[in-house]
Number of protein chains: 2
Amino acid sequence: MPKMGKADRTRVMILNSALEFLWDHRFRDLTVASLMAPTNAGRSAFYRYFGDLHELMRTLLDMLRDEILDSTSIWFADSGDPVLLVDEAIGRLVDIGYRRGPFLRAIVDAAVTDSRIEGDWQQFLKVFDDATCSRIEADQAQGLILQFDAPPVAYSLTRVNAHTLIDAFGQKPRKHKARVQQALARVWISTLYGNEWVAERASTLDRKPTEPPES
Amino acid sequence: MPKMGKADRTRVMILNSALEFLWDHRFRDLTVASLMAPTNAGRSAFYRYFGDLHELMRTLLDMLRDEILDSTSIWFADSGDPVLLVDEAIGRLVDIGYRRGPFLRAIVDAAVTDSRIEGDWQQFLKVFDDATCSRIEADQAQGLILQFDAPPVAYSLTRVNAHTLIDAFGQKPRKHKARVQQALARVWISTLYGNEWVAERASTLDRKPTEPPES
DNA sequence: TCCAATATGTGACATAATGTCATTTAAACA
DNA sequence: TGTTTAAATGACATTATGTCACATATTGGA
């Protein structure tokens, strides 16, 4: 455990309090007072660490970004069977969406009320837009994907991911993970590579154990 | 012109002021004061007509709902070539998304900060979820669509529509209408009916005049 | 047309949250 | 341990919301 000064400990307490709060409350119900209540410190101590609630949310997004990019690094792979790659990447994405759903939702909620977070979030999505676009164009060059205007399709596909995950897992009771995963995989694979690939892959997916939705 | 009492006139002024404001400002920047400034009435007069800003937004959603359901009535048609039907329905949806983008975005923004609007919006989306689900299941029964778990796919497809439209047209400069339409049509048709139908239809779409993006 | 009766509008007030600042209190470290 | 530096506090200013008693218009019947 790295040695922490008091400032670091307080900062961590605040971040933990935020995570705890947001796990079962919406961002709109978060106030500085409610955030600092479980802490030893008083309300105004908050402002020593963050300019405002939105700045705290940006910090949370920074943390989540690393976690997401790490766990979906396969998304940016440039070799291997493209269909399996998409399937695996969606699986990873659904996993993390399931685990972090409420925080993802909180960040997107916060983005609506603050243009800086909005910018951060769009920039984050753009990483996936760009990666998807590159993949499409590379596979078009190889004849694996039909010729079409790649950017808007990539854009729509990343948005279906983001908002399906947030709507499905962003608040409890979360929806069934496997069903969401299959739906997203179907949309992506049939849009990019064609329905026949989904059909071929379907039996594999259906064999996966079906977990019941959690609280 | 129907005869209006003073109350009706003031109410209309408020609604117009809101529409005008939201055409080039975000919902987060709307305050009761800024809303009533262009009106003859003072700030507190607002509360005679609406409980709060969110109630005003619900009224706006009611108005928009009628317009959208009217213009996308073809979405709920149960006869005709399914592929053409989807294509036409998406076209209508993109048209209205383009015309009303900023208001749609304002409503979705407002939903994030108010659970009543959120409920209204989800209920509105559910109409499309259900219609899409019925269509899928009907076409599966006819063998036009492969057998798969329809509800989550329908859910993802309505969300790709809503959020693609709002992201693309919700604030100026709006994106290019035809490109968005083609992307959405591609996602829907290849997910439901297969890539070959998109390819066949592509030439038709590409022949459409390409309008430059507006302010 | 005028005059109640009623509907509409107003400004002063209470409330709730944010963010700031001088001051107090606690931690760090030599 | 004592001194320097950092962290926490509580009182205050600010901004927006929503409410209320009262003032002023509008309306429709005599």
Side-chain angles (χ1 to χ4, degrees), chain A residues 1-18 20-22 25-61 106-107 109-118, chain B residues 1-18 20-22 25-61 106-107 109-118:
Chain A
M1 186 153 58
K3 190 176 157 193
M4 287 199 287
K6 190 176 194 205
D8 293 303
R9 266 180 289 124
T10 306
R11 198 185 148 88
V12 166
M13 283 197 83
I14 295 174
L15 286 170
N16 282 342
S17 172
E20 201 157 321
F21 184 94
L22 293 172
H25 295 88
R26 297 290 299 263
F27 174 74
R28 60 174 169 247
D29 299 318
L30 182 68
T31 63
V32 178
S34 70
L35 180 66
M36 298 303 284
T39 305
N40 294 325
R43 184 182 67 85
S44 62
F46 171 80
Y47 294 99
R48 191 164 293 280
Y49 297 92
F50 303 95
D52 56 19
L53 284 179
H54 295 107
E55 198 175 305
L56 176 130
M57 294 308 293
R58 299 182 78 192
T59 306
L60 244 48
L61 171 55
I107 285 162
D109 283 359
V112 167
T113 50
D114 184 272
S115 61
R116 294 164 301 166
I117 307 180
E118 192 165 60
Chain B
M1 186 153 58
K3 190 177 157 190
M4 288 198 287
K6 188 172 194 205
D8 295 302
R9 266 180 287 127
T10 307
R11 197 185 149 88
V12 166
M13 282 195 81
I14 295 174
L15 287 169
N16 282 341
S17 172
E20 202 158 320
F21 184 94
L22 293 172
H25 296 89
R26 297 291 298 262
F27 174 74
R28 61 175 169 244
D29 299 317
L30 182 67
T31 63
V32 178
S34 71
L35 180 66
M36 298 303 283
T39 307
N40 294 326
R43 183 183 68 85
S44 61
F46 170 80
Y47 294 98
R48 193 163 289 283
Y49 297 91
F50 303 95
D52 57 19
L53 283 179
H54 295 108
E55 197 175 306
L56 175 131
M57 294 307 292
R58 299 182 79 193
T59 307
L60 244 48
L61 171 55
I107 285 162
D109 284 358
V112 166
T113 50
D114 183 272
S115 61
R116 295 163 301 166
I117 307 180
E118 192 165 59

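Nothing here was measured: the structure is a model prediction, and the numbers come from that model. Here is the naming used below: chain letters follow the sequence lines, and residue numbers restart at 1 for every chain.
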Worksheet item: So what does A/Ala45 touch, heavy atoms closer than 4.0 Å: a base, only the sugar-phosphate, or nothing?
Response: base

Can you measure [X] atom [atom1] to [N] atom [atom2] for me and round it to whole angstrom units?
{"X": "A/His54", "N": "C/dA17", "atom1": "NE2", "atom2": "P", "result": "15 Å"}
{"X": "B/Met13", "N": "C/dT8", "atom1": "CE", "atom2": "C1'", "result": "14 Å"}
{"X": "B/Arg48", "N": "D/dC22", "atom1": "CZ", "atom2": "P", "result": "15 Å"}
{"X": "A/Glu55", "N": "C/dT18", "atom1": "CD", "atom2": "P", "result": "15 Å"}
{"X": "A/Leu35", "N": "C/dT18", "atom1": "CG", "atom2": "C1'", "result": "14 Å"}
{"X": "B/Asn40", "N": "C/dG9", "atom1": "CG", "atom2": "P", "result": "9 Å"}
{"X": "B/Phe46", "N": "D/dT17", "atom1": "CZ", "atom2": "C1'", "result": "11 Å"}
{"X": "B/Leu56", "N": "D/dG18", "atom1": "CG", "atom2": "P", "result": "12 Å"}

Worksheet item: When you check the phosphate oxygens OP1 and OP2 of C/dG19, does a side-chain N or O of A/Ser44 lie under 4.0 Å from one of them?
Response: no

Discussion item. For a quick test of reading the model: is some side-chain N or O of B/Tyr49 closer than 4.0 Å to OP1 or OP2 of C/dG9?
Written reply: yes

Validation row: [X], [Y] side chains within 4.5 angstrom (heavy atoms):
{"X": "A/Arg28", "Y": "A/Asp109", "result": "no"}
{"X": "B/Val32", "Y": "B/Tyr47", "result": "yes"}
{"X": "B/Arg9", "Y": "B/Asn40", "result": "no"}

Discussion item. I'd like to know if the side chain of B/Ser17 and the backbone of B/Met36 have a donor-acceptor N/O pair within less than 3.5 Å.
Written reply: no

If you check the [X] side chain, which of [options] turns out closest?
{"X": "A/Arg9", "options": "C/dA28, D/dA7, C/dT8", "answer": "C/dA28"}
{"X": "A/Thr31", "options": "C/dT18, D/dT27, C/dT8", "answer": "C/dT18"}
{"X": "B/Arg43", "options": "C/dA12, C/dT10, C/dA28", "answer": "C/dA12"}
{"X": "A/Tyr47", "options": "C/dT18, D/dA8, C/dG9", "answer": "C/dT18"}

Worksheet entry | Heavy atoms of other groups near A/Glu20 CD, more than 12 under 6.0 Å | no

Item to complete: Please figure out whether B/Lys6 or B/Asp52 has its closest DNA chain D nucleotide nearer the 5' end.
Response: B/Asp52

